[in-house]
Undergrad: 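Quick one: structure below, then a few questions.
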Amino acid sequence: TKRVGGAGTNASEMAADGGSSSLQLPCVFSPKSRQFLALCAQDGRLRIWNTDSKTLHQEYVPSAHLSATCTCIAWGPCRTVKEGPQRKKRKSEAVQVEEKADLLAMGTAAGTVLIYSTAKGALHCTLDGAHSGGVNCVQWHPEESLLYSGSDDTNIVEWDLQTGKTRSKWKADHAAVTSLCVSPDGKLLLSAGHIIKMWDLDTKEVYRKFTGHSTAVTTLRFATTRPPDSNGLYFLSGAAHDRLLSVWQVREDGKDKNSVVSFTLTDEPQHIDLVTSNSKEEAVRLAVVCKDGQLHLFEHFLNGPCKKPLSPSCTVQMSDTKESPIPIPLLAAVLGADTRTVMLAYGSHLQPVMEKVEINTAERHVCLTRDVQTTLSLSMETTVSKVKTPIVNAKSKVLVPGLPGHKAPLKGTSQGSEKRKKDTDTKEMSIAERLGEIDLSTVSEKGASKGTASLTTDNFAVLLVQGLESNDASILNKVFQTRKEMVIKKTVARLPLSAVLPLVEEVTYTFVLSYRAALMVRWLKAVLMHHTSYLASLPDLVTQLGVLYHMIESRVKMFHKLTKLDGKLYLLMTQVSANICSVVHSIISFNLTSQELSLSHKERMSLSSPHFCSYTPGSCEAVKTQAEKFECCF
Amino acid sequence: MASFKPTKIQVYPKLGEKVTQDTLYWKNYKAPVQIKEFGAVTSIDFSPVTPHNFAVTAFTRIHIYGPFSQEPVKSFTRFKDTAYCGRFRSDGQLLVAGCEDSVVRLFDVSGKVALRLFKGHTKAVHLTDFTSDRYQILTGSDDYTCRLWDIPNATELTTYTEHTDYIRCGVTSKLNRDLFITGSYDHTVKLFDARVEKSVITMDHGQPVESVLLYPSEGLLVSAGGRHVKVWDLLKGGQPLVSLKNHHKTVTSLALSSNGQRLLSASLDRHVKVYNTTNYKVVHNFDYAASILSLGLAPDDASIVVGMTNSILSIKHRKNQEDSKEIAGQQRRRPSYRVFVKGKNYVPKQDDYLVSKPVKEHLAKYDKQLQRFNVSKALDTALGTYIRFRKPEITVAVIKELDRRGTLKNALAGRDERGLSQLLNFIIGNLVDARFTPVLVTAAEMILDIYQSVIGQSPVVDRQLLRLQDLVKREIEFQKDLLEVLGMLDTMFASSLPRKESASASAPTVDPFPTCSLNTDS
């Protein structure tokens with residue numbers, strides 16, 4: 001079903017796909033202990049959440065977080081960390097230093113790689129100067145302190161973190177390198193550009209090539225550790241807009257042209273976690289979170305090709321607790337030590353909720369319900385331990401949103417910015433606070449509290465004037481559909497004098513349509529009330545309003561007769577209902593005597609209409625419903 | 001024997017838009033041909049020579065369409081970026097276009113590759129035009145300059161740097177080879193004279209100028225920008241004549257009808273307005289599906305071409321008299337005129353003895369039934385589905401006729417549940433119509449009188465009676481409101497009365513109909 005890569009794809013297509021896949025926000029759990037979740041949200045901030053306490057652990061704003069957005073994150077291997085200097089003094093604690101996930105590599109769209117240290121809570125170092133295009137992926141070497149990054153400029157760079165310099169750099173492909181993966185033993189590197197290539201890391205030579213994906217490959221993972229016989233090495237790949245994960249076998253004889261196994265998903269993969277198998281007897285466990293927010297769990301023994309695509313052993317969805325449930329998207333999932341526990345991150349990127357869940361994998365489909373609202377309303381202000389904001393120096397260029405080429409008004413840094421700097425040193429203001437401040441200032445300036453209603457009527461008046469000027473039916477419709485008396489009154493009151501006569505004309509015109517007339521009367525009344533003096537001052541008032549007057553007059557001519565008809569109808573209908581009343585009475589008395597609540601049709605017919613010769617069963621129903629109504633009354 | 005008089009169907013006046021010469025003229029177009037272009041259509045220009053092909057600039061292409069083709073007869077695709085403002089020379093041989101990459105290209109209409117490239121601007125060129133001597137080109141760009149170029153040796157002649165913002169529109173004089181006008185986003189329209197190498201007149205439009213247009217006489221200039229269309233008198237040194245504000249979004253394009261009597265403006269609010277150029281009143285209005293960016297009008301108003309932001313080009317062709325006749329002929333062959341007038345036009349001579357033959361009268365079905373006094377059946381016929389929904393005035397006329405004869409009671413009586421509910425449905429549907437109320441109220445009262453003994457038996461009829469009751473209640477409420485309004489109007493008329501006491505004592509009853517827009521609709 002797949003096209004052979006390279007045959008029908010061109011570079012621009014690949015680039016376009018890569019671009020769309022980079023919209024996925026990077027979201028990674030720290031290795032081993034799963035203590036942290038690193039998440040880069042839309043606003044370019046890196047947030048590290050503690051999965052145990054479910055609170056924000058650290059927040060870091062890269063200095064160029066808007067122009068050089070973070071495209072990928074990778075946790076470095078766990079290492080022993082020296083604690084901060086003040087802690088070092090306590091000898092009792094210094095003894096029990098544990099291995100902790102510390103370094104975090106972030107690739108940016110500007111082509112730099114930032115190394116952030118969670119232990120320090122600050123930027124460790126910046127690796128730059130090697131890429132001319134945006135970085136698409138970063139991968140750590142499992143043992144040595146090496147880092148690999150793949151970029152849009154088609155190169156792979158090997159960084160030495162001891163020195164912070166590039167160790168080697170080579171051209172990997174014709175197209176942008178979209179994904180990388182280092183094998184668990186650290187000897188092989190997979191790269192995906194136009195095609196998937198396997199590199200020998202010692203010699204930096206291509207070991208194997210694999211073709212098969214037509215869109216940009218977003219995920220590469222080794223599924224097994226390298227066994228003694230080379231036939232047992234498998235890896236996994238997923239691509240943008242592709243609902244299949246492909247498994248490839250690296251074979252001794254080199255006959256590895258096509259993927260051996262594929263896993264079906266419901267959407268393109270967003271986050272993958274995998275427990276590698278070390279032997280043939282051990283199954284590979286896989287947790288895939290798709291773009292549509294579903295989690296799929298797979299378990300498969302990898303031994304040779306399997307023709308049919310495999311469907312998940314278990315699918316997990318999440319929804320909220322409302323009456324009409326809305327799905328909550330899952331962001332990431334990692335597998336626990338045993339087969340049942342899964343760590344989930346879900347909800348919004350700005351404030352994800354982490355949870356360890358036991359899933360009954362015997363069932364194929366599991367739906368979890370969570371109340372996100374309450375969990376989201378937790379205040380986070382106190383839990384933030386360290387928040388860093390960029391320090392802007394005087395030389396830095398400030399980009400103002402707007403059209404490029406347009407000279408945006410540049411304002412020199414005034415005292416205001418200094419003030420703000422002082423504030424931000426301690427804590428950054430939240431959006432809500434800022435809004436509140438803005439609100440207060442406007443109110444105090446104008447000195448009058450303006451309700452929201454006035455705002456809407458203001459818009460309505462503008463809309464109405466525009467609609468009358470351009471004679472636009474859709475706008476006028478929108479305005480005239482209002483039913484609120486207040487809105488109508490205020491709109492008319494705000495109307496400029498020049499628009500009054502056109503409005504009257506428009507009202508006259510729409511008056512013919514009977515279904516609109518009732519609403520139009522309100523408008524007419526409002527106009528007459530608010531602009532009496534203006535209208536009365538018009539010399540040709542009679543000709544202006546004559547049509548309207550005649551139309552109204554002809555309509556109210558029948559008022560007398562209509563009222564009479566109403567009286568007649570009223571009398572008859574009350575009599576009818578009184579009749580039904582008496583029927584109900586008899587039914588109730590019958591019910592009481594026979595102690596039987598449900599009546600057959602025949603019985604009721606005999607009760608309600610003994611003297612009517614023709615009676616339809618439908619009428620029984622009507623009587624029944626009416627009888628029920630009256631029962632309620634009693 | 002007195003002949004039977006057919007039921008008189010009342011013709012009611014209908015309030016509506018006034019039918020004028022203009023609406024007839026501008027409505028006389030066929031259904032639009034819609035063509036999907038590659039991007040937003042930014043410019044449409046008609047060739048000045050027959051067969052009046054037109055160049056459509058959309059995204060990186062310029063397509064030339066013939067007057068009746070729906071496929072481009074020619075297309076220029078050699079643009080590296082978005083093309084702008086493809087314009088024909090006055091002989092229709094050459095075409096010039098600007099581009100986002102700041103290069104101006106000159107094409108031979110029959111060729112494919114650009115004949116000349118004019119390089120010199122530093123930003124996108126949105127305005128290109130030929131001068132009337134046909135050997136020079138005017139260009140205006142986003143680098144705030146407009147330039148004159150020599151076509152034969154592709155050199156720049158003059159640069160004008162008077163504007164302080166993007167130059168997005170302009171036009172050259174057709175009478176004088178040295179005059180041209182540019183409109184800019186700095187809110188000004190400037191008239192330049194190449195002989196003195198600077199602007200001669202500057203007009204402040206007040207908004208970024210999107211389009212300018214010269215009258216054929218070149219005494220008047222029209223500029224569009226923001227929501228305004230403004231007319232300037234050039235002979236009086238750029239004096240503003242009129243400011244029109246009939247759009248609710250930015251006006252993007254202007255055109256003049258072939259006789260110069262009507263001005264058209266197109267806007268982002270999806271409307272094209274037609275103005276009378278003698279009093280500058282809107283005489284007609286076209287609606288389109290999306291925001292309009294460009295507008296073109298073929299010579300003799302043979303077609304209206306509109307380019308929109310959703311990259312659709314809409315072409316409306318004028319209906320021909322022959323076309324409509326042909327279609328009518330195909331539809332149905334009627335007996336020829338001769339058959340009807342056979343012998344009718346014979347004028348009797350003096351001595352002839354005239355034997356008159358009774359003219360056979362065609363009667364409608366209900367009339368025939370009325371003639372035979374089948375009153376119930378006549379009413380049933382009048383309540384037939386087509387008449388009931390499409391021509392309720394006939395049904396009402398029949399009920400009225402029955403009432404006049406005094407047989408309405410008979411016609412209404414003796415109906416089963418279905419017949420009665422149909423009748424009530426009709427009454428409910430039309431009772432509030434002021435034209436029908438008097439007749440229908442009488443009928444409703446009669447129905448109640450006849451059927452009051454059996455009310456309560458049928459749930460269908462009961463439900464309808466409840467609906468009727470509800471309707472009547474609402475109508476009464478409404479009429480109460482109306483009476484209040486009437487009271488207000490009376491007061492107002494009374495207060496304005498003293499001024500013209502001499503005119504008439506009973507102002508409200510002065511017949512306003514001659515002045516208002518009433519037209520009878522059969």
Side-chain angles (χ1 to χ4, degrees), chain A residues 405 466-467 469-473 475 508-509 512 514 517-518 521-522 524-525 528-529 532 535-539 541-543 545-559 561-566 568-570 572-573 575-576 579-580 609 612 614-616 618-619 621-623, chain B residues 14-16 123 142 245-248 267 269 271 273 282 285 287 417 432-434 437-438 441-442 444-445 448 452 455-460 462-463 465-466 468-469 472-476 478-479 481-486 488-489 492-493 495-496 499-500 507-508 510-513 515-516 518:
Chain A
Q466 286 188 353
E469 268 172 5
S470 72
N471 213 354
D472 189 290
I475 291 183
T508 315
Y509 180 60
V512 215
S514 52
V521 170
R522 295 187 191 174
L524 198 58
K525 267 186 174 174
L528 291 180
M529 302 251 255
T532 323
L535 286 172
S537 68
L538 289 175
L541 176 70
V542 177
T543 50
L545 298 183
V547 186
L548 190 68
Y549 192 91
H550 273 248
M551 275 171 54
I552 296 175
E553 221 177 25
S554 68
R555 188 133 186 193
V556 297
K557 233 180 241 166
M558 292 308 294
F559 186 67
K561 278 186 99 174
L562 267 174
T563 322
K564 262 186 172 173
L565 180 66
D566 186 45
K568 232 178 211 183
L569 271 167
Y570 181 71
L572 282 172
M573 295 323 283
Q575 266 183 358
V576 169
N579 266 344
I580 290 169
S609 56
F612 292 155
S614 68
Y615 209 88
T616 51
S619 63
E621 293 298 318
V623 171
Chain B
K14 193 176 160 191
L15 195 72
K123 280 188 182 160
D142 281 359
K245 194 175 159 195
N246 290 88
H247 288 281
H248 66 262
S267 151
D269 65 3
H271 295 296
K273 305 259 175 193
V282 176
N285 178 33
D287 280 5
E417 188 185 89
V432 292
D433 198 326
T437 317
V441 166
T442 322
E445 277 184 338
L448 289 183
Q452 65 177 341
I455 283 172
Q457 283 189 39
S458 158
V460 183
D462 280 358
R463 223 174 296 137
L465 285 177
L466 280 172
L468 184 66
Q469 192 185 6
V472 170
K473 271 219 175 83
R474 258 189 290 139
E475 179 68 11
I476 285 171
F478 173 59
Q479 293 200 352
D481 274 353
L482 284 185
L483 281 168
E484 282 174 26
V485 171
L486 221 52
M488 289 183 197
L489 283 175
M492 217 173 271
F493 286 141
S495 63
S496 69
R499 280 185 210 174
K500 41 178 188 174
V510 168
D511 194 1
F513 284 99
T515 55
C516 69
L518 279 176

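Per chain, numbering begins at 1; letters A, B, ... match sequence-line order. These numbers were taken from a predicted model, which means no experiment stands behind them.
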Undergrad: Measure across A/Val521 and B/Phe478 and return the closest heavy-atom pair with its distance rounded to 0.1 Å.
TA: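 Minimum heavy-atom separation between A/Val521 and B/Phe478: CG2-CE1, 2.9 Å.
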
Undergrad: Between B/Leu465, B/Val282, B/Leu486, which residue shows the highest count of heavy-atom pairs closer than 4.5 Å to chain A?
TA: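 Max contact count across the listed options: B/Leu486.
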
Undergrad: Need one label for A/Met573: side chain, backbone, both or neither, based on atoms under 4.5 Å from any heavy atom in chain B.
TA: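 Contact with chain B involves the side chain of A/Met573 alone.
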
Undergrad: Minimum heavy-atom separation for B/Gln469 and A/Tyr570, please, with both atom names.
TA: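 Answer, listing the atom of B/Gln469 first, then A/Tyr570: NE2-CA, 3.5 Å.
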
Undergrad: For the pair A/Arg555 and B/Val432, evaluate side chain to side chain contact (heavy atoms under 4.5 Å, CB included) and give the outcome as yes or no after the intermediate values.
TA: CA-CA 9 Å; A/Arg555 188 133 186 193; B/Val432 292; 3.7 Å; yes

Undergrad: Quick check on side-chain hydrogen bond (donor to acceptor under 3.5 Å, both in side chains): which of B/His247, B/His271, B/His248, B/Lys245 does A/Ser470 satisfy it with?
TA: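 When B/His247, B/His271, B/His248, B/Lys245 are each tested with A/Ser470, the side-chain hydrogen bond (donor to acceptor under 3.5 Å, both in side chains) holds only for B/His248.
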
Undergrad: Can you say whether B/Glu475 sits under 4.5 Å from chain A via the side chain, the backbone, both, or neither, judging by heavy atoms?
TA: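 Only the side chain of B/Glu475 comes within 4.5 Å of chain A.
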
Undergrad: I need the single residue from B/Leu483, B/Thr437, B/Leu482 that forms a side-chain contact (heavy atoms from CB on, under 4.5 Å) with A/Phe559. Which is it?
TA: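 Considering B/Leu483, B/Thr437, B/Leu482, a side-chain contact (heavy atoms from CB on, under 4.5 Å) with A/Phe559 is found only for B/Leu483.
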
Undergrad: For the CG atom of B/Leu468 and the CG atom of A/Leu565, what is their distance to the nearest 0.5 Å?
TA: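 Reported to 0.5 Å precision, the distance equals 6.0 Å.
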
Undergrad: At a 4.5 Å cut-off on heavy atoms, which part of A/Leu562 comes close to chain B: side chain, backbone, both, or neither?
TA: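 Both the backbone and the side chain of A/Leu562 come within 4.5 Å of chain B.
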
Undergrad: Less than 4.5 Å apart, side chain to side chain, heavy atoms only: is that true for A/Leu572 and B/Leu448?
TA: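 A side-chain contact under 4.5 Å exists here.
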
Undergrad: Given the options B/Thr442, B/Val485, B/Ile476, which has more heavy-atom pairs under 4.5 Å with chain A than any of the others?
TA: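 Highest number of heavy-atom pairs under 4.5 Å: B/Ile476.
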
Undergrad: Give, for atom CE of B/Met492 and atom CG of A/Leu538, the distance between the pair rounded to the nearest 0.5 Å.
TA: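 So the CE of B/Met492 and the CG of A/Leu538 are separated by 9.5 Å.
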
Undergrad: Chain A heavy atoms under 4.5 Å from B/Asn285: which part of the residue, side chain, backbone, both or neither?
TA: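 Just the side chain, heavy atoms under 4.5 Å.
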
Undergrad: Can you check whether B/Glu445 reaches A/Lys564 side chain to side chain, under 4.5 Å on heavy atoms?
TA: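 Yes; the side chains approach each other to less than 4.5 Å.
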
